[in-house]
Amino acid sequence: MEKVSILVVSYGARAVAMVDAFTRSRKYKVEIYVADKQRNPFNVRKAVKHVVIPDLNVEAICKFAQVNKDEIDFGIVGPEKPIINGVRDLVEKRTGIPMICPTKEYAIEASKAQQRLLFQEIVPEVNPRFKIFNPKDYKSQEEVKKAVYSWVDELGNKAVVKPDKPAAGKGVGVWGDHFTIREQLFEHFLANFQHGPVIIEEKIEGEESSFQAFCDGKHLVALPDTRDYKRAFDNDKGPNTGGMGSYKDIGDVLPFMTNVDRAKEIEIVNKIFEKWKASDNEGLRGIPFYVAFIHTGKGPKILENNSRPGDPEIQNILPILKDDFVDICFKILEGNLTHVELERMATVVTYKAPPNYGGYSEAFPNRVDRDEIGKPVDLTKAYELSRKYGEKIHVYPAAMELRDDKVYPLKSRAVCVVGIGDTIETARQFSLEGVKAIKGGSLWHRTDIASKRHIQKSIGHMEELRRKK
Ligand code: GLY
């Protein structure tokens, strides 16, 4: 068996799913080198070398790559921060190790304003009405307040406030969720405006899908659509989170979408790609297009583009690859990835999180076992189920840390379970069974990820929007 050594830059279950896909290779003897945010128990167990870089600083990642450069064949990056900070440019320049992720120039996740302007040039129909407010254009708070109120008037108050930079200030605020009066909207706006430009755009009504595509610089290989559950609690209540779970149907299309919706998504992303790539653009390696679409009665609009795989959405895809993931990566590096084979299976991901995540302990104080907070979590029963059901359950630790042979939950989404089945419902039952087998730490999860009721609601909503158009 040919030996292949791979550097994985990791933050959470998204990179764990990559490590799992690599180490399940039947064709290669894979050695994994992980630059990780913490001692993730899965990665520590699988890696030949594992280093903790808490802030995923690109200089530190590069040093780790440099020390091991004679061994490593290529690298791949999960999280956005090092991609935006130019990890590929630095590692390739200093070590010659080819990296799978976009270069800094093509990490357009770095600026939501630039994204809107780019879409405006290439596919203006995907943009909601929007306006960019740049601090350098206003002399006083009064002046910007007047401009903001006047724009919000034009939008009939139905506005979304977004900082240009990811995770700057107070983050994204939505009319009806984060504020119901204009003074609150302006307060939210100002909290972001202190950090740089802010976009105020029209709030769009519709159903969301996550579109991801592998890219080798020459070809764009669309992956099946997935649906993310952003809100913390059942019935889409509570604050936005990184995603409490996601599902994928057996084919490429989600139950509430039509084949025309899917074709339109591919057409839109291809238009952006064609414009960027010219003939060949190696800067676009990896998953430079993870597009959050929203389907309206009049066709899809784009909420945002990310320059990396989705978390949890890539966990819906990697466990059901028919092609060897190492081969897919080699093809990405060689510029000849034209097709990817997947099992015709549905997948459901459910996350478990600690009580301090997503406002759970404030919303449901009586459900929290305070003595359990921060205590070790027992994954053994979930792994037993995974063995019992073969490849139907995958257990991927995320914000968890291995200390003295015990697994401790940290402050973010702790662990996810991927269920695989020949229907969404079967996949969901596997995912839930795995999740319920995880004990300790007073972890909680949404119970309605991919439920028939939730999916039916999305289908009904889309039918209503199409009728109204
Ligand atoms: N699921 C949301 C994200 O990956 O950004």
Side-chain angles (χ1 to χ4, degrees), residues 9 18 74-80 82-93 96-127 166 209-226 252 261-293 299-310 313-314 317 321 323 325 327-342:
V9 180
M18 291 180 187
F74 66 86
I76 188 163
V77 188
E80 60 274 20
I83 300 178
I84 290 170
N85 291 338
V87 71
R88 174 167 157 201
D89 313 53
L90 198 68
V91 171
E92 289 189 343
K93 185 165 147 226
I97 297 170
M99 297 293 287
I100 299 182
C101 70
T103 54
K104 189 172 180 168
E105 184 185 355
Y106 289 98
I108 58 160
E109 181 164 359
S111 167
K112 289 195 168 65
Q114 290 309 315
Q115 288 185 26
R116 284 282 172 240
L117 296 173
L118 179 80
F119 301 153
Q120 199 60 23
E121 199 188 312
I122 308 168
V123 276
E125 69 277 13
V126 305
N127 273 340
S209 66
S210 302
F211 175 96
Q212 303 173 93
F214 284 134
C215 188
D216 64 4
K218 289 193 186 104
H219 313 97
L220 196 69
V221 179
L223 296 167
D225 270 288
T226 57
D252 291 348
D261 294 332
R262 168 78 179 171
K264 193 82 195 139
E265 286 186 345
I266 294 174
E267 185 192 317
I268 290 165
V269 183
N270 260 312
K271 269 193 194 164
I272 304 167
F273 174 56
E274 288 300 324
K275 172 91 181 178
W276 262 9
K277 79 165 179 174
S279 60
D280 177 7
N281 189 339
E282 286 196 354
L284 289 167
R285 229 186 256 152
I287 301 195
F289 299 107
Y290 148 31
V291 184
F293 277 104
K301 301 236 174 238
I302 293 182
L303 293 174
E304 63 180 31
N305 183 67
N306 301 289
S307 312
R308 38 91 194 173
E313 293 98 318
I314 203 67
I317 308 288
L321 287 176
D323 292 328
F325 191 39
D327 276 336
I328 291 175
C329 290
F330 278 140
K331 285 185 180 171
I332 290 177
L333 293 168
E334 287 156 9
N336 58 10
L337 185 79
T338 53
H339 182 70
V340 169
E341 277 286 327
L342 285 106

What distance do [X] atom [atom1] and [Y] atom [atom2] have between them, rounded to the nearest 0.5 Å?
| X | Y | atom1 | atom2 | value |
| --- | --- | --- | --- | --- |
| I328 | D216 | CD1 | CG | 12.0 Å |
| I272 | E267 | CD1 | CD | 11.0 Å |
| F119 | Q114 | CZ | CD | 11.5 Å |
| E265 | I302 | CD | CD1 | 9.0 Å |
| T338 | L220 | OG1 | CG | 12.0 Å |
| L223 | D252 | CG | CG | 8.5 Å |

Would you confirm whether [X], through its side chain, and [Y], through its main-chain N or O, come within 3.5 Å as a donor-acceptor pair?
| X | Y | answer |
| --- | --- | --- |
| N281 | G283 | yes |
| R88 | C101 | yes |
| N306 | E109 | no |

Is there a side-chain contact between [X] and [Y] (heavy atoms, below 4.5 Å)?
| X | Y | answer |
| --- | --- | --- |
| T226 | S209 | no |
| S307 | I84 | no |
| D323 | D327 | no |
| K301 | L303 | no |
| E341 | L321 | no |
| F293 | D261 | no |
| P309 | Q212 | yes |
| F289 | F214 | no |

Practice task
Would you mind checking if K218 and E282 are paired as a salt bridge, meaning a charged N to carboxylate O distance below 4.0 Å?
Solution key: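 Looking at E282 and K218, the cut-off is not met.
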Handout entry: Note: D225-R262 ion pair, threshold 4.0 Å (strictly below)
Key =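 Salt bridge flag = yes for R262 with D225.
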Problem - Audit row: F325, M18, side chain to side chain contact (heavy atoms under 4.5 Å, CB included) steps and yes/no - result: CA-CA 8 Å; F325 191 39; M18 291 180 187; 4.2 Å; yes
Please report, to 0.1 Å, the donor-acceptor pairs under 3.5 Å made by any side chain of residues 330-337, with sequence neighbours excluded.
from	atom 1	to	atom 2	distance (Å)
E334	OE1	N336	ND2	3.4

Handout entry: Contacts of type ring pair (Phe, Tyr, Trp, His ring centres under 6.0 Å), residue Y290, not counting sequence neighbours
Key =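 So Y290 forms no ring pair (Phe, Tyr, Trp, His ring centres under 6.0 Å) with any residue.
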Handout entry: Minimum heavy-atom distance M99-I76, with the two atoms named
Key =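 Result for this residue pair: CE-N, 4.4 Å.
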Problem - Nearest atoms (heavy-atom pairs only) where A222 meets A213 - result: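 Closest approach of A222 to A213: CA-CB, 3.9 Å.
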Problem - Worked check of salt bridge (charged side-chain N to carboxylate O under 4.0 Å, His left out) between E274 and K271 - result: CA-CA 5 Å; E274 288 300 324; K271 269 193 194 164; over 6 Å; no
Problem - Check against side chain to side chain contact (heavy atoms under 4.5 Å, CB included), N85 and L90 - result: CA-CA 9 Å; N85 291 338; L90 198 68; over 6 Å; no
Practice task
Begin with the C-alpha distance, continue with both residues' side-chain angles, and end with the deciding distance and a verdict on side chain to side chain contact (heavy atoms under 4.5 Å, CB included) for F211 and I266.
Solution key: CA-CA 9 Å; F211 175 96; I266 294 174; 3.8 Å; yes
Exercise for the section: Please determine, by modelled atom types, if N305 and Q115 share a side-chain donor-acceptor pair under 3.5 angstrom. Expected result: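 No donor-acceptor contact under 3.5 Å links the two side chains.
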Exercise for the section: Test side chain to side chain contact (heavy atoms under 4.5 Å, CB included) on L284 and K277 and set out the steps. Expected result: CA-CA 8 Å; L284 289 167; K277 79 165 179 174; 4.2 Å; yes
